[in-house]
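Everything on this sheet refers to the single structure shown next.
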Amino acid sequence: GQQLNQSPQSMFIQEGEDVSMNCTSSSIFNTWLWYKQDPGEGPVLLIALYKAGELTSNGRLTAQFGITRKDSFLNISASIPSDVGIYFCAGQLDVFGNEKLTFGTGTRLTIIP
Amino acid sequence: NAGVTQTPKFQVLKTGQSMTLQCAQDMNHEYMSWYRQDPGMGLRLIHYSVGAGITDQGEVPNGYNVSRSTTEDFPLRLLSAAPSQTSVYFCASSYLPGLAGGFFFGPGTRLTVL
């Protein structure tokens, strides 16, 4: 089945640093989503993007829907300890949501004391 | 609202045993789905349902059965457990069929098959 290429696989940063991660696909999507998963919990939606070129923020998080519709980016500014977790991108083809989500393999974020 | 609930939270099975993973939501969502999460693989869709009485296969359906007799419940059945089914299983629901922004995930069931 199709999977999204998400990079980097893991990141080790110090508190206060900015974080960037991205997701690429060989095919286009009409919706891009970013989720965060805390240990022992299910993924929680952070940002949803519905239009090519769209740039959306949610507090310290900013995500962009790539112009080619084949990629998306997530940035976290001034990281804090609660940002630790696994970040997943997900793409959906049908704008009305009839197609299933395709998930990336995740980026594990660790903050070094 | 309790959101999406899953039981049990942990389960250990022996090869060949059967069991049912329960999923329920109290948000009157039409769309429900089951994913499995394996290290380095992200989440992969097992089965989904767009409403009561309607189910369909996802990316990795083999070894799993589902049914949707009510809007609220979407159980996942393992007929004869295999070690390859060791994974974390997540149930998700959405108000509109598959509407991406409205996906709510349950807390997961961690299954080990010996």
Region of L45(B) in contact with chain A, defined by heavy-atom distances below 4.5 Å: side chain
Heavy-atom cut-off 4.5 Å, strictly under: side chain, backbone, both or neither for Q9(A) against chain B? neither
Residue pairs passing the side chain to side chain donor-acceptor pair (under 3.5 Å) test where at least one lies in residues 5-18 of chain B, sequence neighbours excluded: none
No-hydrogen, no-angle side-chain donor-acceptor test under 3.5 Å, N75(A) and S20(A): yes
Within the supplied structure, the quantity of interest is the number of heavy atoms (other residues, nucleotides, ligands) at a distance under 6.0 Å from R60(A) CZ; does it exceed 12? yes
Residue part contacting chain A, namely of R110(B), when any heavy atom lies under 4.5 Å: neither
Please identify, among P43(A), G42(A), G40(A), A90(A), the residue contributing the most non-hydrogen atom pairs under 4.5 Å to chain B. P43(A)
Validation row, ring centre Y31(B) to ring centre F103(B) under 6.0 Å: yes
